[in-house]
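One-based numbering along the sequence shown.
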Amino acid sequence: MPLPPPGASPGTAPGQPRPPAPPRTQAAAAHDLLICAAAPALAASGTDGQLRGQGLQGFYRSGVRTLARMELRLGGIEPMPLQGALTSAAEARFVGSVRIPGDPDPDPALTVERLRHADGTETVTVRNAGGRPARLPLEITFGTDLGLLGDIAAGQRSADLPSQVQSAGLRWAGHGRSASVSARPTPHAVLAGAGVLRWDLEVQPGARWSVDLQAELESVPPGGRPPTGRGQGVPLPWSEPEVRCDDARAQRLVPASLDALAALLLADADRPTDLYAASGAPWRFGLTAADALWAARWTLPFGTRLAAGSLRALARRQHAGRHGGPGTATPSGAPAGAAAAGPGEGLIPGPMRHGGPELPPTCTATEATLLFVTVLAEAWRWGLPRHEVIELLPAMERALASLRASVAEGPDGPEGFVVDLSRAPEERSSRTAVARCEVQAQAYRAALHGAELLAAFARPGAAEWLSWAAALRERFRERFWIDDLAGGRPAAALLGGGRTVPAVASSFVHLLDVGLSREGGLHEGLLDREQTRLLAQRLAAPELDCGWGLRTLSAKSPRFNPLGHRSGAVRVHETALAVAGLADAGFEREAGQLLEGLLGAAEHFDGRLPEMYAGEQRVTGCPPVPHPAACRPAALSAAAGVHLVLSMAGIRPDAPGGRVVVRPASSTPLGELQLTGLRVAGEPFSARVSRIGVAVVEEASPQLQLGAG
């Protein structure tokens, strides 16, 4: 038998055409969409306002696409797009124009305005600025597949479901779900087969006509009651601050960031006042514990309500487990004095996260569990009421128990260092764990914060955790430091046998995040002063700083990819961490350089920083390149925008100790900075930083002693 010709598929006879290959799907992109968000709802379209069912376009609620298509035609033609922009994180405005058929005037007489809200409402207004009546039909074509957001994001697209007439609109049902769209005023005609609502308009000169549309999800997938958004009557979990600043970019960034964060607020259905932040729209429009905790931590200057709600919501999800008995073994190098955790005990659940080309994936449960301790301790310093702290102490102690159980022993991993908290027991014997640089920093900070809480509330174990943290600091300085021609740098991770992962990455910034301590002070970090200086130089060098922020991986790495999540893209929150940490450590020139990069990028993103963008080198006249998989809004980048600006004021409270310290950046990279409407110890707090770096507290609780750092 002769061989088939090259390229022919098996079973294809010579000379016959090859059957077409099935179409390949590509994950949907969001970088070119205009997204309105009001958790748990969102709407995505192009800047023309039309919903065409392409990619992610549509109205969504609770992860279901209620509407995929909503295409408007006036007189049989689509309006010419003139403008499409967000008016807030939850609302958008689209403007188009239409010429009246037969009108000799070259200027369009009709404008079509669409005011859209993420919750599924839209108002369409037709205005006639011409000199004669406009008589023409308005037709809006609707359709939906009732698809799930996760499937649509992966590039899957089902056929539209057949529509049915329902009162003043249309209805769809399928896949165990149903949705409807209604209109006021009632349409003159409903064409169910085509999914069209039609109005025969007659708009007089100088007049206007409007229709209100409402898309609703009538039933949701099974699996319990989904989270709700911030309900009516539930206030925002922060004060209404005002930021005045010589740098207009920073002045615009804070309100825009808070607006974006407000669009992501969720609550469990049975606890409507315990608000927390969804990770981001459109990809992770639900609770990711680590992201929610970062958002809560960085909004503490505006009050402790978001932190309290987030901590309580996560404590309800924490793996409780059972403590071992008095004789339970404690891993070597871990503090004694309390029982070790059982498998999974104390974990705050979290999804897996890509680790980049140098390291395996990691579970965000590790970051969330350690950050839980820090957020509780710092919320207490900012003024979280004592009884609310006491309520959360058992969850904090369980988190510390999980940390204790994650210290590697002998062949289990780098002995004495903290590995992934979520590893199953069978993984401990099958493969050696990785001790990551950032995890050591987070564990060290959690140990110090946990010790402070245990001591303040007369719980056992404080001294042991302080001793363990000091020992970890010594081990880290000795074994995690790599000497090189530039003076040295931290290792990205430590493997079994003491082998180091020498990658140069943005994860180093967590070493600068030392955490708030008593009397307005900061904890000592894992690095000594000289190591911190060398790290500051490395972060400000072009291999990491692309001019728009920190790359996640050095541009000198052979695996560098400017669009890689962990191999070169700029992740906004890590650059914000670096800015604050460098300023606190006294390296203000390097902090100012990175601050300028993020503020410059924010201007190109209309003051609304996405989760990440390409780590390409900054070139005059070229804006930063967006990332197709970036959330925008995203809790991390929105809260980071707030932290970026407020960290320049250096406000460090100790509400339990009755003290607040203000230590601004002396180089004043933002010029004069005035902050009003903050909250310390539950009372209003305002401060002003002059252009020469002098801080003045203008409003504070009379019970607070004021000091300078």
Review point. What about His573 and His643, are their ring centers closer than 6.0 Å?
Key: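 Here the rings of His643 and His573 have centres that are no less than 6.0 Å from each other.
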
Point to revise | Distance flag, aromatic centroids of Phe285 and Tyr60, threshold under 6.0 Å | key: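 That pair fails the under 6.0 Å test.
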
Donor-acceptor under 3.5 Å ([X] side chain, [Y] main chain):
X	Y	value
Arg632	Phe605	yes
Arg230	Val234	yes
Glu122	Arg116	no
Arg127	Thr111	no
Arg177	Ala173	no
Thr552	Ser567	yes
Asp247	Arg249	yes
Ser45	Gln57	no
Arg65	Gly147	no

Practice item. Using the test salt bridge (charged side-chain N to carboxylate O under 4.0 Å, His left out), find all partners of Arg618 that sit at least two apart in sequence or belong to another chain. Key: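 Salt bridge (charged side-chain N to carboxylate O under 4.0 Å, His left out) list for Arg618, sorted by chain: empty.
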
Rounded to the nearest 0.5 Å, what separation is found between the [atom1] atom of [X] and the [atom2] atom of [Y]?
X	Y	atom1	atom2	answer
Leu170	Thr144	CG	OG1	11.5 Å
Leu253	Gln251	CG	CD	11.0 Å
Phe59	Arg69	CZ	CZ	14.5 Å
Leu86	Ile35	CG	CD1	9.0 Å
Leu644	Leu599	CG	CG	5.5 Å
Arg171	Leu161	CZ	CG	11.0 Å

**Study point:** Partners meeting ring-ring contact (aromatic ring centres under 6.0 Å, His included) with His604 (sequence neighbours left out)
**Key:**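 Trp548.
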
Smallest separation among heavy atoms of [X] and [Y], with atom names:
X	Y	result
Thr575	Leu550	OG1-N, 3.0 Å
Val98	Pro79	CG2-CA, 3.7 Å
Ala28	Trp283	O-CH2, 2.8 Å
Pro227	Leu266	CB-CD2, 4.2 Å
Gly615	Val570	CA-CG2, 3.9 Å

Exercise for review: Evaluate the criterion side chain to side chain contact (heavy atoms under 4.5 Å, CB included) for residue pair Glu218 and Ser180; output intermediate values, then yes/no.
Suggested key: CA-CA 7 Å; Glu218 297 180 342; Ser180 65; 3.1 Å; yes

Do [X] and [Y] pair up side chain to side chain, a donor and an acceptor below 3.5 Å, judged on atom types alone?
X	Y	value
Gln50	Arg114	yes
Ser279	Arg284	yes
Asp420	Thr366	yes
Glu574	Ser506	yes
Arg571	Ser637	no

Mark yes when over 12 heavy atoms from residues, nucleotides or ligands other than [X] sit less than 6.0 Å from its [atom1]; otherwise mark no.
X	atom1	answer
Met80	CE	no
Arg184	CZ	no
Gln617	CD	yes

**Study point:** Criterion side chain to side chain contact (heavy atoms under 4.5 Å, CB included) on Leu236 and Leu265, from CA distance to verdict
**Key:** CA-CA 9 Å; Leu236 285 169; Leu265 292 177; 3.9 Å; yes

Check your understanding: Which is it for Met648 and Val579 under the side chain to side chain contact (heavy atoms under 4.5 Å, CB included) test, yes or no, and what are the steps along the way?
Key -> CA-CA 9 Å; Met648 294 298 100; Val579 170; 3.6 Å; yes

**Study point:** Steps toward side chain to side chain contact (heavy atoms under 4.5 Å, CB included) verdict (Val504, Ser557)
**Key:** CA-CA 8 Å; Val504 176; Ser557 168; over 6 Å; no

Review point. With sequence neighbours left out, what residues match Ser554 under side-chain hydrogen bond (donor to acceptor under 3.5 Å, both in side chains)?
Key: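 Ser554 satisfies side-chain hydrogen bond (donor to acceptor under 3.5 Å, both in side chains) with Glu543 only.
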
Check your understanding: Is the closest side-chain heavy-atom distance between Val439 and Glu367 below 4.5 Å?
Key ->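 No, side chains not in contact.
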
